[in-house]
J.: 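Before I ask anything, let me first share the structure, which is written out below as structure tokens.
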Amino acid sequence: MSKKPFYITTPIYYPSGNPHIGHCYTSVACDSIARYRRMQGYDVMFLTGTDEHGLKIEQKAAEKGVTPKAYVDEIVETFKKLWSYMNVDYDRYIRTTDDYHIETVQSIFKELYDRGYIYKGEYAGKYCVPCESFWTESQLVDGKCPDCGRDVIEAKEEAYFFKISSFADRIEKLLTETDYLCPRTRATELVNNFIKPGLEDLCVSRTTFKWGVPVSFDDKHVVYVWIDALSNYISALGYRNGAFTDYDKFWPADVHMVAKDIMRFHAIIWPAMLMALDLPLPKRLAVHGWITFNGQKMSKSMGNVVDPFVLGERYTPDAIRYHILREMALGADSSFSNEIMIHRINADLANGLGNLVSRTVAMAEKYFGGTLPQEQAEGEFDDSLITTAKNLRAAVDKCIDEVQISNALAEIFTLVNRANKYIDETAPWVLAKDDANRPRLARVLYNLLESIRIASALLAPFMPATMPKVWEQIGATAEDVSYDNIGTFGVLPATVSVKRGEALFPRIDVDKEIEALNAIIQANAPKEEAPAEPITLAPETPIDDFFKVELRAAKVLSVEKVKKAKKLLCLQLDDGMGGRQVVSGIAQWYTPEDLVGKKIIVVANLKPVTLCGVESNGMICAADMPDGSARVVFLDDDIPCGTKLR
């Protein structure tokens, strides 16, 4: 009998900088659900990846003096290293620079165009560069981007538009009359903010930058990043490409999980695209909040240790996984601080689970030499513990079905806490004083080992590296902790043997640890810059002399490296006056790909000079940066070539 498929996705992350712990929640949450479904016997496809196109990436790469592809390649490796370190076991990793994905995006764009859902027009409005998002005036908050709070710019350009307005009624019903959006409370927010005021057609192409998927039938345009990015969920399955053949098996997705800042794109734009293509809609969109510092979205500049590699090294990746999953209730933000994290690890993992395992195993070794006897006797308090253990799997299943991971962990720890209370109720150390109580003592320890078996088996998807250590200590086999056996009490043999191991989660001295973390924060804090050298001006120049310098707008047509010159590039320019060739010493900061198609400023009336055997007719304008690099001054694309600047 074939396994039932289950498809879960993270958003594809934007690699504009290295990841911090704020990036971890979605991936760890999806990994935990994927592991749980695998444990239940599903055939799971767990997808993650990176969204690598757009103006912001192009600009970041230019700042570093590398190509956009080289820039994202480096950061993608850091993301993959982090997911490996955090035990995120994805089945497929997609990059929007993958050839098969580009093939799918171009095919989808053309299909929507052929169906009449995409048309050419002109866009004029507000644009947020960091979010790659267009906004209407009414959607801005205090004149700024409603998602990130940053300034927006005026944008005006020829563009293709998607007739998303055609699907407004269907999307409203999807959000308000189905369980697609989770939690449902988000639906009212989306409907009131975007649909009720009138769902405006969506700009889906750009002409002012080149780092994107070219529109196949109009190469002046690149596909708007969200159309590009959202298509990943089906391109990764082989939709309209030959790389994979999983689309029919896994689509529609069972769960898309995203943070609230990109909810709109997945709740409105993505369903509209699928409706236009006559494709099935995903079954559920799970929207979580942010990990915040003092109510603000997590940032590397926020004065806490947020490097997951540092935290994992000190507390183990599983402890970090548990903390962020336990603290985040679906739909709400969770406040992060090192102190909150340490208290959670101490309370739940050290004092709760770790203490339960170590006490139980230690008593089994002390009183029975590590192997329980066959003769055991039931007694008071057994039924309450056993009932809690037997009902646990169904309760956790329900939480996973509802994507309520924090609640699932809370349910599991009801058994951990009940078992710790059971120790106090039965007082094994008192029973051990009288040989006549040995059968009762043996059953008490057996009940504790069984409770640990069930709790640890259910915790395994959330803390996959630690639970096998628990099973080794309590003498449980792989079959003992299978999903089928989690719902049964009494699976371990009566004569089970235990083996004491190292403490799973040593208790942390809060004050000393906070002091140590503060030292790490201070060591990693940006160093104060030395006072800048006073700026001195060149001798004053008469205005008539200044007007002799003629600055013109020009477009870079092609760029080649100058042979035998490491620092020189030869640029062919359209200067609106028949063209010219300029040699510039910027090769260490720019590649030809960074410059072709850009509008620059050229000093047009310099006497020609020969540099390394190549004639140069002018000079391009660049800024001297504090680190000694040079940054070319680019112009808006709508300034005509040859325009005189003043």
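Not measured: the values here are computed from a predicted model.
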J.: Go through Glu63 and Arg631 one step at a time and tell me if the side-chain contact (heavy atoms from CB on, under 4.5 Å) criterion holds.
T.: CA-CA 8 Å; Glu63 289 172 8; Arg631 188 176 300 173; 4.2 Å; yes
J.: Answer yes or no: is there a donor N or O on one side and an acceptor on the other, between the side chain of Asn193 and the main chain of Leu190, under 3.5 Å?
T.: no
J.: Applying side-chain contact (heavy atoms from CB on, under 4.5 Å) to Leu181 and Val287, what does each step give before you reach the verdict?
T.: CA-CA 8 Å; Leu181 185 61; Val287 179; 3.7 Å; yes
J.: A quick test of your reading: do over 12 heavy atoms of other residues, nucleotides or ligands sit less than 6.0 Å from CG of Asp99?
T.: no
J.: For the atom pair CG (Asp201) and OH (Tyr119), what is the distance rounded to the nearest 0.5 Å?
T.: 3.5 Å
J.: Between Met328 and Ser406, is a side-chain contact (heavy atoms from CB on, under 4.5 Å) present by the stated rule, with each step listed?
T.: CA-CA 6 Å; Met328 180 82 76; Ser406 176; 5.9 Å; no
J.: Dump the intermediate steps for salt bridge (charged side-chain N to carboxylate O under 4.0 Å, His left out) on Asp278 and Arg115, then the final yes or no.
T.: CA-CA 11 Å; Asp278 291 327; Arg115 290 182 176 220; 2.8 Å; yes
J.: Tyr160 pairs by ring-ring contact (aromatic ring centres under 6.0 Å, His included) with which of Tyr117, Tyr224, Phe217?
T.: Phe217
J.: Between Lys120 and Glu158 (salt bridge meaning N to carboxylate O under 4.0 Å), is one present in this structure?
T.: yes
J.: Sequence neighbours left out, cut at 3.5 Å: what donor-acceptor pairs do the side chains of residues 81-91 make with other protein atoms?
T.:
residue: Tyr85; atom: OH; partner: Glu313; partner atom: N; Å: 3.0
residue: Asp91; atom: OD2; partner: Arg38; partner atom: NH2; Å: 3.0
residue: Asp91; atom: OD2; partner: Phe46; partner atom: N; Å: 2.8

J.: Check for me whether Lys598 meets the cation-pi criterion with Phe634, that is, NZ or CZ under 6.0 Å from the six-membered ring centre and within 45 degrees of the ring axis.
T.: yes
J.: So, taking the atom named CD1 in Ile586 and the one named CG in Leu595, what distance separates them when rounded to the nearest 0.5 Å?
T.: 5.0 Å
J.: Let's go through Tyr127 and Arg206 carefully: what are the C-alpha distance in whole Å and the side-chain angles of both, what is the deciding distance for side-chain hydrogen bond (donor to acceptor under 3.5 Å, both in side chains) to 0.1 Å, and is it a yes or a no?
T.: CA-CA 12 Å; Tyr127 183 70; Arg206 301 294 307 280; 3.1 Å; yes
J.: Are there over 12 heavy-atom neighbours, none belonging to Glu74, within less than 6.0 Å of that residue's CD?
T.: no
J.: Could you check whether any side-chain N or O of Asp575 sits under 3.5 Å from a backbone N or O of Ala554, counting only pairs where one atom can act as donor and the other as acceptor?
T.: no
J.: May I ask you to decide if the ring planes of His53 and Trp211 are parallel, tilted or perpendicular, using 30° and 60° as cut-offs?
T.: perpendicular
J.: Under the criterion salt bridge (charged side-chain N to carboxylate O under 4.0 Å, His left out), I'd like the reasoning laid out for Asp51 against Lys56: C-alpha separation, chi angles, the key distance, then a yes or no.
T.: CA-CA 11 Å; Asp51 170 16; Lys56 187 176 180 181; over 6 Å; no
J.: For Val632, is there any backbone N or O sitting under 3.5 Å from a side-chain donor or acceptor partner on Tyr590?
T.: yes
J.: The criterion is side chain to side chain donor-acceptor pair (under 3.5 Å); which residues satisfy it with Lys561, sequence neighbours excluded?
T.: none
J.: Cation over ring, Arg92 on Phe244, under 6.0 Å and within 45°?
T.: yes
J.: Do the side chain of Trp251 and the main chain of Pro280 share a donor and acceptor less than 3.5 angstrom apart?
T.: yes
J.: Evaluate whether atom CE of Met275 has more than 12 neighbouring non-hydrogen atoms of other residues, nucleotides or ligands under 6.0 angstrom away.
T.: yes
J.: Main chain of Ala243, side chain of Asn241: is a donor-acceptor contact present, judged purely on distance under 3.5 Å?
T.: yes
J.: Pairs under 3.5 angstrom only: tabulate donor-acceptor contacts from the side chains of residues 230-239 to other protein residues two or more places apart or in another chain.
T.:
residue: Ser231; atom: OG; partner: Ile227; partner atom: O; Å: 2.8
residue: Asn232; atom: ND2; partner: Ala229; partner atom: O; Å: 2.7
residue: Tyr233; atom: OH; partner: His266; partner atom: NE2; Å: 2.7
residue: Ser235; atom: OG; partner: His101; partner atom: ND1; Å: 2.8
residue: Ser235; atom: OG; partner: Ser231; partner atom: O; Å: 3.4
residue: Ser235; atom: OG; partner: Asn232; partner atom: O; Å: 3.4

J.: Determine, step by step, whether Glu52 and Lys69 satisfy the salt bridge (charged side-chain N to carboxylate O under 4.0 Å, His left out) criterion, reporting the C-alpha distance in whole Å, the side-chain angles of both residues, the deciding distance to 0.1 Å, and the verdict.
T.: CA-CA 8 Å; Glu52 302 176 15; Lys69 185 62 164 58; 5.7 Å; no
J.: With distance as the sole test, does Ser107 use its side chain to make a donor-acceptor pair with the main-chain N or O of Glu103 at under 3.5 Å?
T.: no
J.: Salt bridge (charged side-chain N to carboxylate O under 4.0 Å, His left out) for Asp43 and Lys249? Distances and angles first, verdict last.
T.: CA-CA 10 Å; Asp43 186 357; Lys249 179 178 181 180; 2.3 Å; yes
J.: Give the intermediate values and the outcome of side-chain contact (heavy atoms from CB on, under 4.5 Å) for residues Met45 and Phe6.
T.: CA-CA 6 Å; Met45 172 64 72; Phe6 182 85; over 6 Å; no
J.: Counting distance only, does the side-chain N/O of Arg321 pair as donor-acceptor with the main-chain N or O of Phe462 below 3.5 Å?
T.: yes
J.: Taking Gln106 for the side chain and Pro214 for the main chain, is one N or O donor matched with an acceptor at less than 3.5 Å?
T.: yes
J.: Run the salt-bridge test on Glu189 and Arg186 with the 4.0 Å N-O cut-off and return the result as yes or no.
T.: yes
